[in-house]
Chemist: 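Take a look at the following structure, please.
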Amino acid sequence: MENLFNLLHGFSVVTSGQNLVLMFVGILLGVLIGVLPGLGGANGVAILLPLTFSMPPTSAIILLSCIYWGALFGGAITSILFNIPGEPWSVATTFDGYPMAQKGQAARALTAAFSSSFVGALAATLMITFLAPVVAQFAIEFGPPEFFAVQLLVFATFVGMGKGNAAKTVVSTMLGFALAAVGLDTVSGQLRLTFGSLDLLRGFDFLVAVIGLFGIGEILVSVEEGLAFKGIHARIRWQVVGETWAELPRYWRTSLRSVLVGCWMGITPGGATPASFMSYGLAKRLSKNGSRFGTGELEGVIAPETAAHAAGTSALLPMLALGIPGSPTAAVLLGGLLLWGLQPGPLLFVEQKDFVWGLIASIYLGNIAGLVVVLTTVPWWARVLRIPFSIIAPLIIVFCAVGAYAVHNSQMDIVVMLGFGVLGYVLKKLNYPLAPLVLALVLGDMGEAAFRQSMLLSQGSLAIFYSNPLVGSLVTLALLMLLWPAVSYVRDSLRRPAPAPQLGVP
Amino acid sequence: MEIAVAAGFVALALLVMADSIRVGRGWGSDGPEAGFYPFYVALALGAAAASILVRHWRLASSKHFVAPQELRRVLSVLVPTALYVGLLLLVGLYVSSAAFLAGFMRTQGKYSWPKALGLGIGVPVAMFLLFEKGFGLPLPKGPLENWLGY
């Protein structure tokens, strides 16, 4: 019951004049970011983060999280109308969304996409409302070994559950940790990995890295593919919306399954992109229309959109309750907490009630506002995409540069951003996952501190990670995850005497 | 390319390990030394990169990293961006953004000079009003802005 009162209080925080305006501004900016290729949730939020330095934290998080919801909605628009995913998590939406648009059912596909996004987000938010305080309560008892174990589990999950090459996931993670270690060591005050350079003294800021990796890197990937927006005009009539809504309950089974997949993938840091693919795959296998998937089935739009939105939203649960983000965008929001002077972690629920419940309330309202906004403004967004690439591309690059500079008022950061952009492009081409890199950059210092404090407690004995049942089971689970690729490799090669060489599965 | 990137990561790992040994990777009087943690991070990085290296070495794939056509498209954005960043360090963000926007529109989009210059100058002016006046967030400036009295 107490949670409900807190939530009601949160609603009153959000609906106070200025915050309500910020919510709509956030949604509109978010949809724009979601529609434009090259600007995504993570780097869009990172670029705008410096603008919120002077705001109260609650208003800032409402603005930024609404950008995130808007971006989640916006990704679907380009997927369905132009067959170009505005965001990685809407790739699976193109499979059936674009064929539907070609058949003249664009409005039906868009309505289904937006509505299922909304359902996914709503389900995940309900889960956050009731589960996050419990998890935080539980986590308040955590000491350094437990925190380190949770982090270990997070990165082990990337290795164990991630698609593609496990070694590449390890490289990406460790690269993030190594980059995080550059600069002043906070414990001993020694300089590490600076090689006498003053510019490296501050270390690498993950916001700059995010803007480079996802912003510049993404633009380079999109130009390489050669963009052309030859899409279908869309206008959503309310009659079609009503018809589609009447149709949606028929697919409750798919929706429910997608919600579960999404919530699971969001909490364990799988993220929205794998969640959408997994949900699409499951729907294809389990639905009785499965064989017609890819030709414009409504279910093929519902499944990935529900899961992507559920995952994107539930990624906030570990961020709020444990201080460990479940997705790159959640990582950026976590970085925002630090910049606004809030300490992420379980105590947030005790010390910053206004902030936490204001955020949770803004997820509810933001998604309702988002649904209304996207349903009514689709034709306008479709027109934005007709702006030629030779104008959009330099504009996005200029915004990236401004964003990277504004983090620390440092011109050097713009050069660093460019470097990360090239790195992001190359890694993306070679199928190295970028999410673990970003998460490791954010969590690097915290992870190292937790590890060293544990080592101090135990005087250098690793046995501390098996000192009580909780930390022991977390570490065991993490180790199992780490070994999983090896196990499945052995199993596969036993089954097939000569395994076909697999080069970076796309 | 796979091999080159993996080799680069192995080299990076060795570099980090060397530096970690320099600052001390062992156990000091007050607990783990500064290099303790990065050393093992680098060890894992090197091991994983080496395994990728070995695997691709044996496969000896000759697949192109990018087709020449694609490379040209990527460079058509990357080179102007690099020039932009270089110019930015010299003359500040506003002037370089104007030059970058106008130049990009002119060369890639084949826009007429008036259109390219219009947008190229309009956007930095709008940015100045938004960031400098609106949010009180000063952006890097160069000689032109000094001359104008900012």
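Sequence lines set the chain letters: A, B, ... in the order given, protein chains first and strands last, and positions in each chain run from 1.
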Chemist: Quick one: which residues of residues 42-50 of chain B reach chain A at under 4.5 angstrom, heavy atoms only?
Modeler: B:A44, B:L45, B:A48, B:A49
Chemist: Counting heavy-atom pairs under 4.5 Å to chain A, which of B:L12, B:L71, B:L15 comes out on top?
Modeler: B:L15
Chemist: Examine whether an atom of A:F177 lies under 4.5 Å from a heavy atom of chain B, and if so say whether it belongs to the side chain, the backbone or both; otherwise answer neither.
Modeler: both
Chemist: For A:A178, is it the side chain, the backbone, both, or neither that has a heavy atom closer than 4.5 Å to a heavy atom of chain B?
Modeler: both
Chemist: Taking non-hydrogen atoms and a cut-off under 4.5 angstrom, which of residues 77-84 of chain B neighbour chain A?
Modeler: B:V77, B:L78, B:T81, B:A82, B:Y84
Chemist: Working note: A:V221 + B:V74, criterion side chain to side chain contact (heavy atoms under 4.5 Å, CB included); need CA distance, chi angles, decisive distance, verdict.
Modeler: CA-CA 8 Å; A:V221 173; B:V74 171; over 6 Å; no
Chemist: Ring centres of A:Y432 and B:F9 under 6.0 Å apart?
Modeler: yes
Chemist: Sub-4.5 Å heavy-atom contacts with chain A: which residues of residues 113-121 of chain B show up?
Modeler: B:L119
Chemist: Holding to side-chain hydrogen bond (donor to acceptor under 3.5 Å, both in side chains), I want the full list of residues that pass it with B:S51, two or more places apart in sequence or in another chain.
Modeler: none
Chemist: Heavy-atom pairs under 4.5 Å with chain A are the metric here; pick the option from B:P38, B:S97, B:P140 that has the most.
Modeler: B:P140
Chemist: List the steps, then state whether side chain to side chain contact (heavy atoms under 4.5 Å, CB included) holds for A:K429 with B:E2.
Modeler: CA-CA 10 Å; A:K429 285 289 289 177; B:E2 284 274 10; over 6 Å; no
Chemist: Indicate yes or no: at least one non-hydrogen side-chain atom of A:V398 is less than 4.5 angstrom from one of B:M127.
Modeler: yes
Chemist: With only heavy atoms counted, which part of A:L395 is less than 4.5 Å from chain B, the side chain, the backbone, both or neither?
Modeler: both
